[in-house]
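Single-structure report; data block below.
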Amino acid sequence: MNKIFCFVVFLLTSVAFSQSVRFDGFIQDGQKNPLEMANIMAVNAVTKAMDSYGITNDKGKFQLTLKPNTSYVIKISYLGMKSKEIQITTKTENIVQNVVMDDVGIELEGVEIVREMPVSIKGDTIVYNADSFKSGTERKLEDVLKKLPGVEVNADGEIEVEGKKVSKLMVEGKDFFDGDTKLGVKNIPADAIDKIQVLRNYNEIGALKGLENDQDNVAMNIKLKEGKKNFWFGDVTAGIGVAELDSRYVINPKLFYYSPKYSINLITNFNNIGELPITAQDYFKFTGGFRNMMKKGGSNFNVSSNDIGISLLRNNRAKEIETKFGATNFAYSVTKEWNISGFGILSASKTDLETKSQTTILDSGDQQKREEQTHQKNNLGLFKLSSTYKPNDKFQFDYDILTKLTKQEENTDLLREAVEKNVTTIETIFTNKKQDPTSINQNLSLYYTQSDKNIFAFEMQHLYQDENPFYNANLRTQPFDLLGYTSGQQRNDLNQDRFVKTNKIDAKLDYYYMVTPKSNINITLGNTYSYQNFNSYIFQMLDNGDKNDLNDPSNNNDVNYNFNDTFLGFHYKILAGKFTLTPGVSLHSYKMTNTQSGTDYSQNFTKVLPDFFALYQIKKSETLTYNFSLTNDFTDINQLAAGYVLSDYSSLFRGDRTLENATSQVHSLRYFKYNMFNFENIFANATYTRKVDAIKTKADFEGINQSSVPYNSNLADETLSGMGSYGRSFLKNYKASVNASLNWSKFNNIRNEEPTTTESFTQSYTVKASTNYKNLPNIEFGYNMLINKYSGSTFYTDKPFARLDYYFLDSFSFVSEYEFYHYYNTDKSVDNEYDFLSASLIYQKKNSKMEYKIAATNLLNTKYLNDDNFSQFSTRVSQYTVQPRYIIFSMKYNL
């Protein structure tokens, strides 16, 4: 099988090479200077089709792959110069010819030719002509993006361009569910897309563009085809199918409307085939487009989430998933100066999880084997409203409000086998977790350009968060000796209520002064204020149904915590030749007070925190960037509450009110090169973090039961991470890449009164290649190796993968994906192999609105997948049940 596969790839490559003629040379101006990023295309004189295209490199070199014995019109364009056409007729030999352009100013015809190019560049914007990359099998934006050079889409729907994450997705310049790209890449119809614009060095505040370092900011704008503007478009899908034991269904209407005045998007999805438009993980990381406005301040005060450990999906797979989802997004231009936009998302899902796992305590080697049956109900709501008022180029006023509403419940039946000091005990445990937190995040921003030299920016954010997690564990053995606890019960029914409220305000005023056209001074006055209340208590339900409140102060918390950081920052940015330098410093005054047990504990101090940014612009599309920052890291109220808190049935935690801050020293170095000549994309990044005086954990283990408390450490934690990728295109129809990611961490803790150091080293390597033909089957194949090395154990995952898509007979689309996993550890005590195969066949006549599809998922009926994870005290290996094979027949009507 592998030999046949390799032979097919070799044959396709050989045919492509043997049936082509190379046409190359240099494009120059009248003074013989090379013209970088000039556009050149070859139009077949008979068919009028564009057979090849190219963009010159920094030396002005171009290269086209043409058919032998064919006449071509070669069109060359460069912004600011007269467009040029030359005629050639190929034979079987390669052709070398240089082209000299005439400088006559910007012409409309030059712009026209640029628009015909599959890829063109204008300033900081890359424009992809979507139709140039479509083969006919594409159904969603994601399918198109994966075929674009320099663009990647991961399993979570995150888009990366040139190694940088796309932070904003727009359609026709209007935000599409601001703060997340997944809904866009999974739902925008491929046939509606005309152009894909990548906006590099993006800053949505025009007044601040160029004043700050925006090199890592990337946005994407989708331009629609003319027939999709001012009309409703989209599709309605309905399908039924079968699995091993029951029936399956999917109902998925999607409607879109775009006009210059307003836009409306409506996406719904009801199914039990495992499609989750938004997962709980997506929900909690959904920012709504809110920026980290205090990133220049030098302080890091993050409000953690009290999520009581609701189980998460692996790769969006589970034993059973049923989803009801609805989302709408709108944008409306009230006047030319005032725009409002927003979205609403509602998601309800029922999920069954089945997991087998083995946890090993480091040093002692005690083990806990678990078989879990979990049922979840997740009800999630997201609502955002935004307003932008810009009466002129000198003033802008923005207001945003994002609300998150959640209701989650999880019930688990667990069979535990504990092996402690060679003694085995088996018992059943029942747990219940419930929470319905609410958060409201508001942003107010004012930007005023007083003159060409003086610019002011005021930004303020307010976070209100109300959390109320409830935890219940019902088990036979008594896990902890808690004061007031009644022993001798048949079942030990432990319960805990927690209530955490947070009000946090960030505000800062920036003043920018343009010293010269290439330098500016930035003075920042800022303040972060947070007030939190933490209330918790533990109680026991006795066998006779009575409630036993564990009223001892050690089992309860009632804590108030105030945090205040006032700072003054100074930054100077200068462009000197190929260098951009931004040294900076901030002076902070901190005040912290926590109140519990009737007393106050306060800390007050000042600190100076420097930072530095340097960019070396080697060439237009080649940069080297260095970042240094010194930050103060502060804990929130969760680690200050001194009463006991149940983490789970075998883990007890209590905080320390005297905790101090840690200081992080971060160095990062980034190299980037992008060559439009052959779409070569090189990216490398290395980051080193050293956290001094870190808040660490002192953990005591009694068998597998853990009791832990944080403490102020004088030791340092270290992490070193690096990643790199190389990718390029070959002969227009071939694309290949290689990627590597490494992360090393060292942690210091105290385990059973003994200082311990643990290390982890994770590595991921991926190589892949793909074709992009119009009239031939297209294949993508690759290999990924994942190595997770923890203290005392190493786990490996080998994953070859392949994808085939083929559009044929002007009506049929066939797509199939295959992944094979070999999961094992060093001594092969864990050694599993499993694979996943999916396939779909679509029939749609040309220009027909009806589409018919038959799709099969998990064709090999694989039962489970494997994963592992590492904490600073234990390792865990899991076997995770996935949905069975099912076949769905669906019909789709395209509006």
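What you are looking at is a predicted structure, and each value in this text was computed from that prediction instead of being measured.
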Worksheet entry | Geometric class of the His588/Phe567 ring pair [parallel <30°, tilted 30-60°, perpendicular >60°] |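 Parallel, since the angle between the ring planes stays under 30°.
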
Fill in: Residue list, salt bridge (Lys or Arg N to Asp or Glu O under 4.0 Å) with Lys174, at least two apart or on another chain
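Once residues adjacent in sequence are excluded, Lys174 has no partner under the salt bridge (Lys or Arg N to Asp or Glu O under 4.0 Å) criterion.
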
Worksheet item: What residues form a salt bridge (Lys or Arg N to Asp or Glu O under 4.0 Å) with Lys394, not counting sequence neighbours?
Response: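 Lys394: no salt bridge (Lys or Arg N to Asp or Glu O under 4.0 Å) contacts found.
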
Worksheet item: Cation-pi between Lys404 and Tyr283: NZ/CZ under 6.0 Å from ring centre and within 45° of the ring axis?
Response: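 Positive - Lys404 is close enough to the ring of Tyr283 and near enough to its axis.
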
I'd like to know if [X] pairs up with [Y] as an ion pair, taking the criterion as any Lys NZ or Arg NE/NH1/NH2 lying under 4.0 Å from an Asp or Glu carboxylate oxygen.
| X | Y | value |
| --- | --- | --- |
| Asp717 | Lys696 | yes |
| Lys508 | Glu459 | yes |
| Lys768 | Glu152 | yes |
| Glu158 | Lys165 | yes |
| Lys384 | Asp178 | yes |
| Lys619 | Asp58 | yes |

Donor on one side chain, acceptor on other, [X] and [Y], under 3.5 Å:
| X | Y | answer |
| --- | --- | --- |
| Tyr590 | Asn661 | no |
| Asn562 | Thr593 | no |
| Asn522 | Tyr513 | no |

Would you indicate whether the side-chain heavy atoms of [Y] and [X] approach each other to under 4.5 Å?
| X | Y | value |
| --- | --- | --- |
| Thr631 | Thr663 | no |
| Phe605 | Lys591 | no |
| Lys504 | Phe563 | no |
| Ile440 | Leu402 | no |
| Asp656 | Leu640 | no |

Nearest-0.5 Å distance that lies between atom [atom1] in [X] and atom [atom2] in [Y]:
| X | Y | atom1 | atom2 | answer |
| --- | --- | --- | --- | --- |
| Lys673 | Ile618 | NZ | CD1 | 9.0 Å |
| His667 | Phe628 | NE2 | CZ | 5.0 Å |
| Thr758 | Phe870 | OG1 | CZ | 4.0 Å |
| Asn685 | Leu669 | CG | CG | 7.5 Å |

Discussion item. With a sphere of 6.0 Å drawn around CG of Asp452, does it hold more than 12 non-hydrogen atoms of other residues, nucleotides or ligands?
Written reply: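 12 or below, so no.
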
Practice prompt. I would like to know whether Glu759 and Lys746 meet salt bridge (Lys or Arg N to Asp or Glu O under 4.0 Å); could you show each step before the answer?
Written response: CA-CA 4 Å; Glu759 295 185 19; Lys746 184 178 80 171; 5.9 Å; no

Fill in: Heavy-atom closest pair, residues Gly60 and Pro34
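Looking at all heavy atoms of both residues, the shortest contact is N-CB, 3.7 Å.
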
Worksheet item: Between the side chain of Lys735 and the main-chain N/O of Gly727, is any donor-acceptor distance below 3.5 Å?
Response: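 No, Lys735 side chain to Gly727 backbone: no donor-acceptor pair under 3.5 Å.
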
